[in-house]
Amino acid sequence: PLNQIKLNMESDQDQELLSVDSKNHLVVAGSWARFIGIMGFVFTAFFGLLSILLITGGPSMMSMIAAANPEASSSGFLKGSTVFIGLLYLIITAIYFVISWWTFKFGNEIKQGLRENDPDIVTSSFGNLKNYFQAYGVLTLIAVTLMVFSVLTMLMVGFFR
């Protein structure tokens, strides 16, 4: 089937692949993708700041809480947990930045490629769109796996209790 698509495209070189309406839809989608990418950068900055605050200021904040509440015997655990959560947020921030970057690049390149009628730029933009969907697909698989694992763990804990 894929070879047939290539053969059909080669035999119909003089025909336009996309209609004017399709190109307009892609330009609008590109504008929204660019907006979503910019908003992703803003949220990435907030998450990055939060992760840095958790890594650097979290342990001292937990020490102050433990000093105010002497019964808090798990203050060592709480200090370490803020650093762990901060590092986890930092990893999530990096992943979200890359996904936002692909979204932003798709938005810019699809508009530019269609405006200049440049197939190389359009191909590059679709590569960024492919990366975007591929990353979200992998993240979805990871999330579903973690959910199934969590449910199985809760069932096992409940069964052996």
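These numbers come from a predicted model, not from an experiment. Because only heavy atoms are used, hydrogens play no part in the values below, and waters and symmetry mates are left out as well, while side chains stay in. Numbers here simply count residues along the sequence, with the first being 1.
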Report summary line: In this structure, NZ of K105 is separated from CD1 of I110 (nearest 0.5 Å) by 13.0 Å

**Report entry** Interatomic spacing from CZ in F126 to CZ in F133 - rounded to 0.5 Å
**Finding:** 10.5 Å

Report task. Compute the ring centroids of Y132 and Y136, then answer whether they are less than 6.0 Å apart. Result -> yes

Report task. Could you list who else is in L146's hydrophobic cluster, with ILVMFWY side chains joined at under 4.5 Å, directly or through other members? Result -> V138, I142

Query raised in the report: Distance from T103 atom OG1 to R34 atom CZ, nearest 0.5 Å?
Result: 13.0 Å

Report task. Provide the closest heavy-atom pair for N117 versus P119 in the form atom of the first, atom of the second, distance. Result -> O-CD, 3.5 Å

Query raised in the report: Counting heavy atoms not belonging to F41, are there more than 12 under 6.0 Å from its CZ?
Result: yes

Requested in this report: Heavy atoms only: give me the nearest A33-F106 pair and the separation to one decimal.
Outcome: CB-CD2, 3.6 Å

Requested in this report: State which residues pass side chain to side chain donor-acceptor pair (under 3.5 Å) with S19; sequence neighbours excluded, sorted by chain then number.
Outcome: S22

Query raised in the report: Which heavy atom in L54 sits nearest to a heavy atom in I85, and how many Å separate them?
Result: CD1-CG2, 3.8 Å

Requested in this report: Please round to the nearest 0.5 Å and tell me the distance separating atom CD1 of I52 and atom CG of L90.
Outcome: 6.5 Å

Query raised in the report: If you round to the nearest 0.5 Å, how far is CH2 of W32 from CD1 of I36?
Result: 7.5 Å

**Report entry** Side-chain cluster (under 4.5 Å, hydrophobic types only) that V20 belongs to, other residues
**Finding:** none

**Report entry** Pairs where residues 145-159 contributes a residue and the test side chain to side chain donor-acceptor pair (under 3.5 Å) is met, not counting sequence neighbours
**Finding:** none

Query raised in the report: From S31 OG over to N108 CG, what is the distance, rounded to the nearest 0.5 angstrom?
Result: 9.5 Å

Query - From CA spacing to verdict: side-chain contact (heavy atoms from CB on, under 4.5 Å), L139, I99 - result: CA-CA 11 Å; L139 291 174; I99 291 173; 3.6 Å; yes

Requested in this report: Output all residues satisfying salt bridge (Lys or Arg N to Asp or Glu O under 4.0 Å) with K111, sequence neighbours left out; order by chain, then residue number.
Outcome: none

Query - Of all pairs that satisfy side chain to side chain donor-acceptor pair (under 3.5 Å), the ones with a partner from residues 86-102, not counting sequence neighbours - result: none

Report task. Return yes if some donor-acceptor pair links the side-chain N/O of S51 with the main-chain N/O of F47 below 3.5 Å, else return no. Result -> yes

Query - Side-chain H-bond candidate by donor/acceptor type, E109 with N128, under 3.5 Å - result: yes

Query - Any V122 side-chain heavy atom under 4.5 Å of L26 side chain - result: no

